[in-house]
Amino acid sequence: MKISILCVGKVKEKFYREAIGEYLKRLSRYCRVEILETADEMTPEGAGAALEEQIRKREGERLLSRIRDEAFVVTLEIKGKKMDSPEFSRVLEQAAVRGKSHIQFVIGGSLGLHESVSARADLKLSFSDMTFPHQLMRVILCEQIYRGYRIMNGEPYHK
């Protein structure tokens, strides 16, 4: 299984990079994982709704250019489906059963995802009703993918 995590922007904080690196190392025994970053747009202070929509659209176009036709696409969205870790593990497993050897997770920028990216999703996933910094969301996503593989393989994990 190949997993791609498509993200807007770079992770600047060392502690986030280290946490992501640790989970990528742990995941290497289960699957191939890559992180693909696209450029983020500068959002001026006090930007209006129209400008924010333009920014989401430009970031969305960059994300869509990296999404593969054959991939199972999961967008991370506040209004997405909520599930527990065992159910998430089944999503990973079922993608392979359905012949999808590539899962692409998509994390938007600070303004969220453009509707065109959301429309491409095979699954819209929410980790919480709360808003998280997109850099932290990478850490959380990597941890949950790792946990999902542990569950899938009948290995112990912390509840």
Side-chain angles (χ1 to χ4, degrees), residues 1-27 30-31 33-41 43 45 47 49 52-53 55-60 62-64 66-67 71-96 98 100 102-153 155-159:
M1 175 70 67
K2 179 178 180 182
I3 295 179
S4 300
I5 301 173
L6 306 178
C7 314
V8 173
K10 295 190 177 298
V11 174
K12 296 167 184 71
E13 295 85 355
K14 181 180 178 184
F15 57 92
Y16 286 144
R17 288 194 313 268
E18 288 174 349
I20 292 165
E22 177 62 27
Y23 284 112
L24 294 180
K25 183 173 75 173
R26 292 180 187 190
L27 277 164
Y30 301 106
C31 61
V33 182
E34 64 180 351
I35 295 182
L36 304 172
E37 297 174 330
T38 64
D40 56 349
E41 294 284 325
T43 305
E45 193 71 34
E52 287 185 355
E53 177 63 14
I55 290 169
R56 273 192 298 276
K57 184 176 183 189
R58 284 193 296 265
E59 291 176 346
R62 289 184 196 116
L63 289 168
L64 286 169
R66 306 295 295 267
I67 293 176
F72 183 79
V73 178
V74 181
T75 53
L76 276 57
E77 306 184 33
I78 290 174
K79 297 194 184 310
K81 177 179 172 50
K82 292 180 183 67
M83 57 183 68
D84 61 17
S85 295
E87 187 176 358
F88 180 68
S89 177
R90 286 190 294 278
V91 166
L92 295 173
E93 192 170 31
Q94 287 301 312
R98 286 186 237 132
K100 298 287 186 176
H102 190 184
I103 300 175
Q104 290 188 298
F105 290 92
V106 183
I107 302 173
S110 60
L111 297 175
L113 291 170
H114 188 261
E115 61 191 25
S116 60
V117 179
S118 183
R120 172 56 182 91
D122 295 300
L123 172 64
K124 297 171 188 168
L125 181 63
S126 173
F127 281 93
S128 173
D129 289 331
M130 296 180 193
T131 302
F132 296 106
H134 55 279
Q135 299 92 337
L136 178 58
M137 221 32 250
R138 290 191 208 186
V139 177
I140 295 169
L141 175 60
C142 288
E143 188 280 333
Q144 284 298 305
I145 295 169
Y146 173 68
R147 184 180 296 263
Y149 274 98
R150 300 280 297 181
I151 293 168
M152 193 186 317
N153 287 290
E155 298 169 353
Y157 68 99
H158 296 290
K159 294 185 179 186

Determine, stepwise, if the pair L113 / E77 fulfils side-chain contact (heavy atoms from CB on, under 4.5 Å).
CA-CA 8 Å; L113 291 170; E77 306 184 33; 3.9 Å; yes

Validation row: V117, L64 side chains within 4.5 angstrom (heavy atoms)
yes

Is it the case that the side chain of S4 and the backbone of I35 share a donor-acceptor pair, with hydrogens and angles ignored and the cut-off at 3.5 Å?
no

F127 side chain near M137 side chain, heavy-atom distance below 4.5 Å
yes

Would you check if L123 and M83 make a side-chain contact, meaning some heavy-atom pair closer than 4.5 Å?
yes

Looking at OG of S110 and CD of Q135, how far apart are the two atoms once the value is rounded to the nearest 0.5 Å?
8.5 Å

Please round to the nearest 0.5 Å and tell me the distance separating atom OH of Y149 and atom CD1 of I3.
4.0 Å

Between the side chain of Q104 and the main-chain N/O of R66, is any donor-acceptor distance below 3.5 Å?
yes

Between the NZ atom in K82 and the CG atom in L125, the distance rounded to the nearest 0.5 Å is 9.5 Å

Qualifying residue for salt bridge (charged side-chain N to carboxylate O under 4.0 Å, His left out) with E155, from R26, R147, R150
R150

Under the side-chain contact (heavy atoms from CB on, under 4.5 Å) rule, what do V33 and Y23 come out as? Steps first, then yes or no, please.
CA-CA 10 Å; V33 182; Y23 284 112; over 6 Å; no

Which atom pair, heavy atoms only, marks the closest approach of T75 to A121?
OG1-CB, 3.4 Å

Minimal heavy-atom distance between C142 and I5, with the atoms involved, is SG-CD1, 3.7 Å

Is any side-chain heavy atom of L92 closer than 4.5 Å to one of Y30?
no

As an exercise, state the distance from CD of E22 to CZ of R17, rounded to the nearest 0.5 Å.
15.5 Å

Quick check: closest heavy atoms across V8 and A39, and the distance to 0.1 Å?
CG1-O, 4.0 Å

With distance as the sole criterion, is a donor-acceptor pair present between the side chains of E52 and T43 under 3.5 Å?
no

If you measure from CD1 on I140 to CD1 on I145, what distance do you get to the nearest 0.5 Å?
12.0 Å

Show the numbers, then the answer: is there a side-chain contact (heavy atoms from CB on, under 4.5 Å) between T38 and L6?
CA-CA 8 Å; T38 64; L6 306 178; over 6 Å; no

Looking only at heavy atoms, which two atoms of G148 and S89 are closest? And how far apart?
O-OG, 2.7 Å

Sub-4.5 Å side-chain heavy-atom contact between E41 and K57
no

Between R90 and E87, does any NZ, NE, NH1 or NH2 come within less than 4.0 Å of an OD or OE carboxylate oxygen?
no

What one should report as the nearest heavy-atom pair of E37 and V11 is OE2-N, 3.9 Å

Heavy-atom closest pair, residues V139 and A19
CG1-CB, 3.9 Å

Show your reasoning for whether side-chain contact (heavy atoms from CB on, under 4.5 Å) applies to V74 and F88.
CA-CA 11 Å; V74 181; F88 180 68; 5.6 Å; no

A side-chain contact here means heavy atoms from C-beta on lying under 4.5 Å apart; do R120 and D122 qualify?
yes

Would R56 and E53 pass as an ion pair if we require N to O under 4.0 Å?
yes

Say you draw a straight line from CG of L136 to CD1 of I20; how long is it, rounded to the nearest 0.5 Å?
9.0 Å

Side chains of S118 and K124, heavy atoms from C-beta outward: is any pair under 4.5 Å?
yes

Before giving the answer on salt bridge (Lys or Arg N to Asp or Glu O under 4.0 Å), spell out for R62 and E59 the whole-Å C-alpha distance, their side-chain angles and the decisive distance to 0.1 Å.
CA-CA 5 Å; R62 289 184 196 116; E59 291 176 346; 5.4 Å; no

For the residue pair L63 and H114, establish whether any side-chain heavy-atom pair is separated by less than 4.5 Å.
no

